[in-house]
Structures are given as C-alpha cells and as structure tokens.
There are 2 protein chains.
Amino acid sequence: MRLNEGVEWAVHSCSLMASLPEGMALPARKIAEYFDLPEAYLAKIMQQLSVSQIVTSRRGPGGGYRLTKSPDEISLLDIVVAIDGNEQCFQCTEIRRRGPTASTDAIYNLPCGIARSMWKAEQAWRNELSKVSLRDIQMMGFRETPKPQLEKAVEWFKETLS
Amino acid sequence: MRLNEGVEWAVHSCSLMASLPEGMALPARKIAEYFDLPEAYLAKIMQQLSVSQIVTSRRGPGGGYRLTKSPDEISLLDIVVAIDGNEQCFQCTEIRRRGPTASTDAIYNLPCGIARSMWKAEQAWRNELSKVSLRDIQMMGFRETPKPQLEKAVEWFKETLS
DNA sequence: GGCAGGTTACTCGGATAGCGATTGTCCGAGTTGATCTGG
DNA sequence: CCAGATCAACTCGGACAATCGCTATCCGAGTAACCTGCC
C-alpha cells in the first residue's frame with residue numbers, strides 16, 4: 001500500500017502557500033521552481049487541490065493559487081483526501097456470502113468482522129492525520145530548518161512576489 | 001490508497017484454517033472452493049503467506065496449508081504485511097532539500113516534519129492492526145454468522161477432511 | 001491629459017500518451033499414498 | 001501374508017501475460033494588465 005507521490009508535493013506546496021501574504025497568489029510555475037519539480041505534473045496536483053476547495057485559483061497575470069482558509073483550518077487529512085481520494089483502504093467484497101456454505105439471501109446483522117477491524121484501524125490513521133494542521137507543519141518548518149536555508153527562502157519570496 | 005485485494009482473501013483463508021483440526025492441512029483448491037474464488041490466484045496469495053512463515057505447506061496427497069502458530073499469536077498486521085509488503089505508505093523524497101533555496105549539503109537534524117506526521121499516523125494504524133488476533137476474528141465469525149450458515153460450514157468441513 | 005479598444009503575455013484547466021504495479025493464469029517440480037509384484 | 005519397488009495422482013511453486021491506475025506531458029481557454037491612438 002503506497003500513498004500517492006503527489007501527496008508529498010501537495011503538502012509542501014500548501015505549507016509554502018501558508019506563508020503567502022494576504023491577497024497574493026503563487027503560480028504553479030513558481031512553486032515548481034521552488035521545489036525543483038516538473039511543472040506540468042505539479043499543475044495537475046494543484047488542480048486537484050483546487051477541485052477540493054483547499055486552494056482557489058486565479059488566471060492571468062498576477063494570478064496563481066492561494067489557500068481558501070487559514071492554515072489552522074486545513075488538516076493533513078484534508079490534503080491527503082484531496083489528492084488520494086476518500087475511498088476505504090480495505091474493500092470488503094463480502095466473501096463470507098459466497099461459496100457453497102453461504103446462501104445469497106442470508107441476513108447478516110453486522111458488517112463482516114474482518115472489515116470492521118480493518119476499518120477501525122483505518123479510522124485511527126485518519127484521526128491522527130486530522131489532528132495535524134497546516135499551521136503545525138509550517139511551524140515545524142520554521143523551527144527545524146537550518147538558518148541559512150530559511151534566509152534563502154525569505155529572499156526567494158521577496159524576489160518572487162515583486 | 002488501496003489495500004491489496006488479496007489481503008481480504010488471506011485473512012478469510014487464515015480464519016478458515018484457524019478451525020482446522022491439529023495436524024491436518026487444507027489445500028488451496030479446497031479453500032478456493034469454499035469461498036468461490038479463482039483457484040490459481042488464491043494459490044499465489046497462499047504462497048505469499050507461506051514465504052512469510054504464517055502458514056506452512058505440504059505437497060502431495062493429503063497435503064495443503066496450515067497455520068504455523070496458534071491463532072492467538074497471529075495478528076491482522078502480520079497478514080497485511082505478508083500480502084501487501086512492509087514499506088511505508090508515505091515516501092519522503094526530501095523535497096525540502098531541493099530547489100534554489102536549499103543547498104545539498106545542508107544538515108538537517110530531524111526527518112522532515114511532514115514525514116514525521118504522516119509516519120506517526122501510519123504507526124497508529126499499524127498499532128490497531130497488531131491488536132487484533134486471528135483468534136478474535138475467528139470468534140467474531142462464530143458469534144455473528146447466522147446459524148444455518150454455521151451448520152453448513154461444519155458439514156462442509158466434515159466432507160472435505162474425510 | 002484622459003479614455004477606450006486592441007494586443008500581449010501570463011496562468012489555469014482539461015484532454016492525451018507512457019509506464020509500472022497489481023491482477024490473473026498456466027505448466028512443471030516435488031511428494032505422498034496406494035498398488036502391484038515377488039518372495 | 002508381508003515387504004519393497006513402482007506408479008499414479010495430488011499439491012505446491014515459480015515463470016509468464018493482461019489489465020488498471022498512477023505518472024507525466026502538452027496545448028487550448030480564459031483573464032488581467034499594458035500599450036497605443038484617438039478624443
């Protein structure tokens with residue numbers, strides 16, 4: 001089981017946008033430049049974020065993407081769901097109702113116990129992800145990034161937004 | 001993100017084998033018959049369980065598969081790992097070290113905060129799965145399966161093992 | 001000098017190929033149990 | 001009647017296609033700013 005590679009890009013991109021001054025937008029081209037990623041594919045990722053209402057887009061000169069909400073109100077889970085979809089990891093195909101021992105019209109009061117166990121674990125995962133906000137990610141970045149890098153980033157931001 | 005379909009088959013198959021009398025074995029052919037699954041593909045799943053030491057195999061007439069350990073000692077996580085692999089769902093490619101703002105030789109004391117958050121959630125998922133044993137699954141099945149089905153299953157077992 | 005129209009450059013968005021992993025299948029290798037034969 | 005060898009059937013195990021989803025890319029649609037010429 002592997003998460004989409006785009007998830008990593010999306011979270012980093014959103015984290016970058018979290019530092020964007022009010023009212024400004026960051027084009028996909030610039031984000032791709034900042035992380036040295038293929039522009040065309042990143043654009044697709046950003047589009048998915050746009051569809052999921054995590055960012056809004058604006059076309060034309062001075063356009064680009066920006067977050068729709070405060071970084072406090074966006075969780076990792078939101079981003080993961082936007083990129084990777086919201087379907088259950090474990091798909092129950094009701095195997096128990098098949099084969100010679102089970103009749104098709106049997107009444108089962110509960111979902112399959114195996115599915116319930118798998119879904120419970122999945123829920124724990126989702127729950128952890130929903131507890132981490134984009135603001136938390138941003139703060140971690142500020143605290144843990146080496147100083148020279150941080151200064152370079154600020155410089156890059158100034159140049160880009162001018 | 002989707003879990004291998006084989007995981008569901010594997011757990012059901014193991015649950016079935018948990019009810020197998022001491023010393024006997026269940027061939028893949030019979031398991032496929034019980035659940036009405038394609039025999040060839042199920043054989044592949046069983047093979048993966050065999051490689052991971054969850055079941056042992058025995059060839060020839062009277063051969064088949066059986067659990068290596070007591071159902072108490074086998075967790076859902078063991079089976080998931082056997083079929084789906086043990087790699088991390090979230091792969092960190094160290095994006096933060098790329099692009100114009102980061103120098104390649106920069107020293108980062110900690111793994112990327114994003115990766116840490118994702119891995120923590122993943123750990124919660126693994127932890128939940130490791131808490132559920134095959135015995136638990138078996139017991140749930142006994143309690144929740146409609147009586148007529150349970151009797152049919154017992155009947156099938158008798159015929160098959162004779 | 002101010003305003004309107006056209007032009008240009010910039011950005012997003014959807015349609016379109018390429019590739020790798022999961023899914024699905026087959027046949028050969030190995031083993032066991034039964035059978036047959038000879039003592 | 002028993003023991004040993006042979007045989008045949010059964011089961012696993014690895015090698016081999018097909019399909020699907022993720023990865024990657026391009027070009028057209030839309031928009032805002034700017035420039036130019038006229039009033």
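Remember, predicted model here, so these are calculated numbers, not experimental data. Naming convention: chains lettered A, B, ... in sequence-line order (proteins, then strands); numbering from 1 in each chain.
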Given atom [atom1] of [X] and atom [atom2] of [N], what is their separation to the nearest angstrom?
| X | N | atom1 | atom2 | value |
| --- | --- | --- | --- | --- |
| B/E5 | C/dA21 | CD | C1' | 15 Å |
| B/L42 | C/dG24 | CG | P | 12 Å |
| A/E39 | C/dG13 | CD | P | 14 Å |
| A/I83 | D/dA24 | CD1 | C1' | 15 Å |
| B/I45 | C/dT22 | CD1 | P | 11 Å |
| A/R66 | C/dC12 | CZ | P | 13 Å |
| A/D84 | D/dG21 | CG | P | 13 Å |
| A/E87 | D/dC20 | CD | C1' | 13 Å |

(message) Taking the basic N atoms (NZ, or NE/NH1/NH2) and the acidic carboxylate oxygens, is any pair closer than 4.0 Å for A/E122 and A/R126?
(response)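 Salt bridge: yes.
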Atom pairs under 3.5 Å, N or O on each side, protein against nucleotides 13-17 of chain D: can you list them with distances?
{"unit_1": "D/dG13", "atom_1": "OP1", "unit_2": "B/S57", "atom_2": "OG", "d": "2.6"}
{"unit_1": "D/dG13", "atom_1": "OP2", "unit_2": "B/Y65", "atom_2": "OH", "d": "3.2"}
{"unit_1": "D/dG13", "atom_1": "O4'", "unit_2": "B/R59", "atom_2": "NH2", "d": "3.0"}
{"unit_1": "D/dG14", "atom_1": "OP2", "unit_2": "B/Q47", "atom_2": "NE2", "d": "2.6"}
{"unit_1": "D/dG14", "atom_1": "N7", "unit_2": "B/Q47", "atom_2": "OE1", "d": "3.2"}

(message) With ring pair (Phe, Tyr, Trp, His ring centres under 6.0 Å) as the rule and sequence neighbours excluded, what pairs involving residues 43-99 of chain A come up?
(response)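 As it turns out, there is no ring pair (Phe, Tyr, Trp, His ring centres under 6.0 Å) pair with a partner in residues 43-99 of chain A once direct neighbours are skipped.
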So, using ring pair (Phe, Tyr, Trp, His ring centres under 6.0 Å) as the criterion, who are the partners of [X] when residues are at least two apart?
| X | result |
| --- | --- |
| A/Y34 | A/W156 |
| B/Y41 | B/W9 |
| B/W119 | none |
| B/F157 | none |

When all nucleic acid strands are considered with a 4.0 Å heavy-atom cut-off, which category describes [X]: base, sugar-phosphate, or nothing?
| X | result |
| --- | --- |
| B/R58 | sugar-phosphate |
| B/G6 | nothing |
| B/P38 | sugar-phosphate |
| A/G64 | sugar-phosphate |

(request) Name all pairs fulfilling the side-chain hydrogen bond (donor to acceptor under 3.5 Å, both in side chains) condition that reach into residues 130-144 of chain A, sequence neighbours left out, sorted by first residue then second. (result)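 Those involving residues 130-144 of chain A are A/S19-A/Q138, A/D72-A/R135, A/E128-A/K131, A/S133-A/D136, A/R135-A/Q138, A/E144-B/R116.
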(message) Using heavy-atom distances to pick each residue's nearest nucleotide on DNA chain D, tell me which of A/L3 and B/G60 is more 5'.
(response)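 First, find each residue's nearest nucleotide; the 5'-ward one identifies B/G60.
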(request) With a 4.0 Å heavy-atom cut-off, tell me which residues in residues 14-32 of chain B come close to DNA chain D, sorted by residue number. (result)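 By residue number: B/P27, B/A28.
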(message) Within the supplied structure, the quantity of interest is the number of heavy atoms (other residues, nucleotides, ligands) at a distance under 6.0 Å from B/R98 CZ; does it exceed 12?
(response)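 Enclosed: over 12 neighbouring heavy atoms sit under 6.0 Å from CZ of B/R98.
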Enumerate, atom names and distances included, each donor-acceptor pair closer than 3.5 Å involving a side-chain atom of residues 47-63 of chain B, sequence neighbours excluded.
{"unit_1": "B/Q48", "atom_1": "NE2", "unit_2": "B/I83", "atom_2": "O", "d": "3.4"}
{"unit_1": "B/S52", "atom_1": "OG", "unit_2": "B/Q48", "atom_2": "O", "d": "3.2"}

